[in-house]
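Proteins come first, then strands; the chains are lettered A, B, ... in the order of their sequence lines, and each starts at number 1.
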There are 2 protein chains.
Amino acid sequence: MPETLMRDVAELTVPGMLQNSVSYQIRLLQIASYKSFEQQMSSHGSAPRYFGLLKIVEANPGIPQTRLAEAIYLDRSSLVPILETLTREGWVERKKSTTDKRVRRVFLTKAGAENLARLEDEVTAHETMVTADLTPAEKATLLDLLARVDKTLRANFGGAS
Amino acid sequence: MPETLMRDVAELTVPGMLQNSVSYQIRLLQIASYKSFEQQMSSHGSAPRYFGLLKIVEANPGIPQTRLAEAIYLDRSSLVPILETLTREGWVERKKSTTDKRVRRVFLTKAGAENLARLEDEVTAHETMVTADLTPAEKATLLDLLARVDKTLRANFGGAS
DNA sequence: TATTGTTATACTCTATAACTATA
DNA sequence: TATAGTTATAGAGTATAACAATA
């Protein structure tokens, strides 16, 4: 025992039921993965945590706020402070729709698009680290199995909202 | 288009980078899975969200609070209000250690152990729903791949705390 | 009547720092 | 000095309900 401390409980017993639960393991893994992601992102302000959102805006320029909220399974009211932050930090801008004056369309700014490319390199590096022990075939299998579970869940369970 | 509304953006484009990211898909899936879990649990007070904790206490009777916090990757201070709730609801009890008077040992109460068995049936039913589209072999593969990603993450990244 | 974006509000979850009592 | 548990506190992150403007 090098520098580990003597613990009161000799060894933690992890119940088999938890180790064999997809829901539970997904939950633990997501927590660990997200923590490491946030710590590995050096800067870029608050953008890293909204990387998925920014990529969706990039791929769907001018998307209305409510569509964007649905795309990331958030209530539209929850998106408002996020867009305010990303606007303040210069990542996105909102423009009133000319055809429907209720709608505000979300775009990346020029600087936002450029910085997103740099941020993407870091995100890719993290993903590479996370999947370093998987062969490409194994990674493809994992993504396929996750997608099938997701499909089952959303079929049995509305919009997940 | 039966009852779907006309949307402003014809079709949402999901960037390939997100669809091919294990981190991102794990994150989305965890959110959907946890929401459906919480809604499917009929009652049992606040115990369902602490099911994992309760199973660990069951498998490690008398575990000190700090060990328990580590087991679920929480700060020990975050565990305090959780144990207060679970104590108030009759699931667990804390007893001062006789050998180290700083330590409080956590146990399931008799009622807690009995109710946990019933709660477990519901948790199992949810897990069955989630994995309904997977063969046993596929589920085993998924758990194996998740465990390997988790191992990589924790190797590159301390205690995840 | 219904939808979009917004605001006000509250709730949950978590961490940090400082404290106490013990070791 | 270090550890176990606690408290006070603050910061994310999210949802609900109600509102004004517009459809």
Nucleic acid footprint by protein, nucleotides 18-23 of chain D - heavy-atom cut-off 4.0 Å, B for base, S for sugar-phosphate alone: ---BBS
With B/E84 via salt bridge (Lys or Arg N to Asp or Glu O under 4.0 Å) - residues at least two apart: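 Checked B/E84 against salt bridge (Lys or Arg N to Asp or Glu O under 4.0 Å); zero matches.
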B/L74 near the nucleic acid: base, sugar-phosphate alone, or nothing, with a heavy-atom cut-off under 4.0 Å? sugar-phosphate
With the side chain of [X] defined as its heavy atoms from C-beta on, choose the nearest nucleotide among [options].
X      : options               : result
A/R67  : C/dT6, C/dT4, D/dA15  : C/dT4
B/R104 : D/dG5, C/dT14, C/dG5  : D/dG5
B/K35  : D/dA15, D/dT6, D/dG13 : D/dA15
A/S77  : C/dT7, D/dG5, C/dT14  : C/dT7
B/T66  : C/dT14, D/dT6, D/dA4  : D/dA4

Reading DNA chain C from 5' onward, which residue's closest nucleotide shows up sooner: A/R27 or A/R94?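 Taking each residue's closest nucleotide, the earlier one in sequence belongs to A/R94.
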Which whole-number value in Å describes the distance from [X] [atom1] to [N] [atom2]?
X     : N      : atom1 : atom2 : value
A/L79 : D/dA15 : CG    : P     : 11 Å
B/Y34 : D/dT14 : OH    : P     : 14 Å
A/E84 : D/dG13 : CD    : P     : 15 Å
B/L53 : C/dT14 : CG    : C1'   : 15 Å
A/F37 : D/dA12 : CZ    : P     : 17 Å
A/I82 : C/dT7  : CD1   : P     : 15 Å
A/E70 : C/dT3  : CD    : P     : 11 Å
A/D75 : D/dA15 : CG    : C1'   : 6 Å

Can you tell me if the side-chain N/O atoms of [X] get under 4.0 Å from OP1 or OP2 in [N]?
X      : N      : answer
A/Y50  : D/dA12 : no
B/Q65  : D/dT3  : no
B/R105 : D/dG5  : no

Qualifying residues under side-chain contact (heavy atoms from CB on, under 4.5 Å), relative to A/S43, sequence neighbours excluded: none
Whether the side chain of A/Q25 engages the backbone of B/A147 through a donor-acceptor N/O pair (distance < 3.5 Å, no angle test) should be reported. no
Using a 3.5 Å distance criterion without hydrogens, assess whether the side chain of B/T109 forms a donor-acceptor pair with backbone atoms of B/G112. yes
Does the distance from a Lys or Arg side-chain N to an Asp or Glu carboxylate O, for A/E114 and A/K110, drop under 4.0 Å? yes
So which atom in B/M129 and which in A/L153 form the shortest heavy-atom distance, rounded to 0.1 Å? CE-CD1, 3.9 Å
B/E120 and B/K55, any side-chain heavy atoms less than 4.5 Å apart: yes
Parallel under 30°, tilted from 30 to 60°, perpendicular over 60°: which one fits the rings of B/H44 and B/W91? tilted
